[in-house]
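To start, the structure under review is shown below, and the notes come after it.
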Protein chains: 4
Amino acid sequence: MARQRAFTKSELLDATERLLMERGYDGFHLKALSEMLSGARSTIYEYYANKEEIVAACMRRTMEQTIEACEGIEQLEPVAAIKKVLLIFLELSNFHTLMLAAPKIDETASDKARRDLEFLNEGHADLKKKLTALFQKAQEAGALRADIPLPVITAVFFHAIDTPNWLNVPTEEWADMLFGLWWNGGGNPLTK
Amino acid sequence: MARQRAFTKSELLDATERLLMERGYDGFHLKALSEMLSGARSTIYEYYANKEEIVAACMRRTMEQTIEACEGIEQLEPVAAIKKVLLIFLELSNFHTLMLAAPKIDETASDKARRDLEFLNEGHADLKKKLTALFQKAQEAGALRADIPLPVITAVFFHAIDTPNWLNVPTEEWADMLFGLWWNGGGNPLTK
Amino acid sequence: MARQRAFTKSELLDATERLLMERGYDGFHLKALSEMLSGARSTIYEYYANKEEIVAACMRRTMEQTIEACEGIEQLEPVAAIKKVLLIFLELSNFHTLMLAAPKIDETASDKARRDLEFLNEGHADLKKKLTALFQKAQEAGALRADIPLPVITAVFFHAIDTPNWLNVPTEEWADMLFGLWWNGGGNPLTK
Amino acid sequence: MARQRAFTKSELLDATERLLMERGYDGFHLKALSEMLSGARSTIYEYYANKEEIVAACMRRTMEQTIEACEGIEQLEPVAAIKKVLLIFLELSNFHTLMLAAPKIDETASDKARRDLEFLNEGHADLKKKLTALFQKAQEAGALRADIPLPVITAVFFHAIDTPNWLNVPTEEWADMLFGLWWNGGGNPLTK
DNA sequence: CATGAATGAGATTTCATTCAT
DNA sequence: CATGAATGAAATCTCATTCAT
């Protein structure tokens, strides 16, 4: 009983995510956003009260997807679980980059944004605990090197996920390569 | 009675580099820049004609330092050379992050900026050729795995350099760890 | 199945009056107005074509009430009439404040508004004539001081009506006090 | 050693005061302000960080002038002091109207504005104490009526100050009339 | 040279009003 | 009728850049 919607909330967040990935937080303008959507700039304010809320909502959505994808991961055998984690984060490849913008958001601008950021923090903490436990378990099972501190091994793992796939290798295969390199290294086993 | 020199070009570029690293290209403002220096905002225009020129000059300087540091690397034995490269880029840790800003610079704003960006491109190409040759030589010497495409091994190597050093391990030691993980992987050799 | 009536014209004007008194003309927004009513903002346009018309209609209503209340006042004995006028304006306490908004209304926006404003002007003029005549009669009857120009005495009288009743004295009593002070002054009669 | 100033801070506050008096807080726009000054709208931000700061500073200035004018008033004989107060507030006729805007200012917008508003509150409290004491002393000296509560007498006095001077009577004479009416009332003494 | 001051272009946000169901 | 949704105009504010001393 009103005009047809110019765009849905979900389309708005999709466009937001694309812009945040392409231009970063400071390069994210509502002008660009509205140009990616079929509507006027002011229409965006029918959905969110300000810029901060939009970005926070976008990040929250990604966090929710990530948490959901990691559901039940601890039931798997440690090394398989780690490989699964790699695949999850590869598919949600925006996760790390998006989360970088979190500290730039002005929390005082909006209560809704503040609550979303809180959710993000809790989600982050939960994920960290869960994944740390996973790597711990893997090491206790003797699957990981003991001569290098576990946090370093973990940090390298999570950072490796974001390696740019210049050759556009298909995701599955790319995951295999990354895991293979992280697990066995790039050196020739015959010469080691 | 002449006014005292406000700040040197070099101080200006140092501050620029710090700001670019801390806030990214879009968060880089001349206002913030002048606040980090001992002079007025308008004085900046005595050195550079616009924002773009400053960023381009800053990136050019880093590129020059990098090229110089890599001078003669090809004389070393391949694996030692690769380890040296790791250390060089670790010390010039800003390199990758800084270069990310390059495509954001509006080349139409300034000829000088355009020339600097061209220099950057050439430098990038030269470096790439040189380092690709290095890894090629290493593989031909049988030092690298053959079952994973060389560009992937290289990409993972260069991306691993930027792994955040959360534990603040001293650089030398950190370099050893990163190289060790890249070379041998994180899996326990006993279980492989 | 007809939608239920959202709100009446009268409710709309009541809310308008409240908002005008609380926030003044420039602080009067249709958004706030619709929030005070049980309907959508766009429904307001079923009753009035624009903001100006609403305010003008609201002011006209108050003017009509005031004129009606003053009906027949000239039949009373002058001083009693003046006291009655005081009570009338105290009860229609919004009158003066509301009328202040009149010059702010953009007459070009609406014909209906323009006509209401004309009515206001005429009403104002009529009231003024009537009340001036009243004070004139009182002075001719020797009831008012002759050493101060009548318009000044009148102005002070009408302005005194709006004295804020901080102590929340009941209206009747408050009217007595105001009239007493206006009539006899605040000085101690024994020392005069 | 720079361009000539487009306008001084004092001119800015003068224009602000005029606009606030003519249009009220909600009708106070920076566009109108800049049009009254010989400069661009953005230049205003070289003086004050936001709208709130401007209004707060303007009100603070008026409060300072008022406090200064009331300096030493308590040394006078009570009735003479009250008459002096009338003259002071008549000359600073904007005082009451300006202060009405205070509660509309958003204190969270600026620290500077918040501090100015605090100053205003303190000033208000001080003035109130001082003037209340004055009227108290006058009543104790038997100069004021005892049959009407003192706060009412005071309220009527301070409200009467703002009586619009439609006839444009010169200030001194106007003060005499207002005081005369407040003190002796408008009724004819012969008939009382 | 160095800089205080001025400013236009562009970003965010609000709100009266129109549109379409 | 009633209204949810859309939107342009206008307001606030920021910042790169120019000007004039």
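As a basis for the values below, the full set of heavy atoms in this structure was taken, side chains included, without hydrogen atoms, waters or symmetry mates. Letters go in sequence order (proteins before strands), and every chain restarts at 1.
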Checklist entry - Looking at E:dA16, does its base get a donor-acceptor pair with the side chain of C:Arg41 below 3.5 Å? => result yes

Item to check | Closest to the C:Tyr45 side chain, choosing from F:dA6, E:dT7, E:dA16 | outcome: E:dA16

Item to check | Distance, rounded to the nearest Å, where D:Leu33 contributes CG and F:dA10 contributes P | outcome: 19 Å

Checklist entry - Should the pair A:Lys104 and A:Phe28 be classed as cation-pi, given the thresholds of under 6.0 Å to the six-membered ring centre and 45° from the axis? => result no

Next on the checklist: Does the structure show a Watson-Crick or G-U wobble partner for E:dA11, both distances under 3.5 Å? Name it, or say none.
Outcome noted: F:dT12

Checklist outcome for this item: Testing E:dT17, F:dT7, F:dC19 for proximity to the side chain of B:Ser42, the answer is F:dC19

Checklist outcome for this item: When rounded to whole Å, the CZ to C1' distance for the pair D:Phe7 and E:dT7 reads 11 Å

Next on the checklist: Just the rounded figure in Å: distance from C1' of E:dT17 to NZ of C:Lys31.
Outcome noted: 15 Å

Checklist entry - Should B:His29 be listed as having a side-chain N or O under 4.0 Å from OP1 or OP2 of F:dT14? => result no

Checklist entry - Are D:Lys51 and D:Tyr45 in a cation-pi contact, defined as NZ or CZ under 6.0 Å from the six-membered ring centre and within 45° of the axis? => result no

Checklist entry - Taking CG from A:Leu30 and C1' from E:dT12, how many angstroms apart are they, rounded to a whole number? => result 7 Å

Item to check | Atom pair distance, as rounded to whole Å: NZ in B:Lys51 and P in F:dC15 | outcome: 9 Å

Checklist entry - What nucleotide among F:dT7, E:dA6, E:dT3 has an atom nearest to a side-chain atom of D:Glu46? => result E:dA6

Item to check | Validation row: C:Glu11, C:Met36 side chains within 4.5 angstrom (heavy atoms) | outcome: no

Item to check | Pair assignment for F:dC1, Watson-Crick or G-U wobble, requiring both distances under 3.5 Å | outcome: none

Next on the checklist: Tell me the interatomic distance from C:Asp26, atom CG, to F:dT12, atom P, rounded to whole angstroms.
Outcome noted: 12 Å

Checklist outcome for this item: A:Ile54 atom CD1 is separated from E:dA11 atom P, nearest whole Å, by 15 Å

Item to check | ring-ring contact (aromatic ring centres under 6.0 Å, His included) partners of D:Phe7, counting only residues at least two apart | outcome: D:Tyr47

Next on the checklist: If you assign C:Ala40 and B:Ala109 each to the DNA chain F nucleotide with the nearest heavy atom, which residue ends up on the more 5' nucleotide?
Outcome noted: C:Ala40

Checklist entry - Looking at E:dA16, F:dT17, F:dA6, which one has an atom nearest to any side-chain atom of B:Glu52? => result F:dT17

Checklist entry - Taking CG from B:Asp106 and C1' from F:dT17, how many angstroms apart are they, rounded to a whole number? => result 15 Å

Checklist outcome for this item: The residue, B:Phe28 or C:Gly39, whose nearest nucleotide of DNA chain F is more 5′ is C:Gly39

Checklist entry - So among C:Arg115, C:Glu52, C:Glu53, which one has a side chain to side chain donor-acceptor pair (under 3.5 Å) with C:Ser110? => result C:Glu53

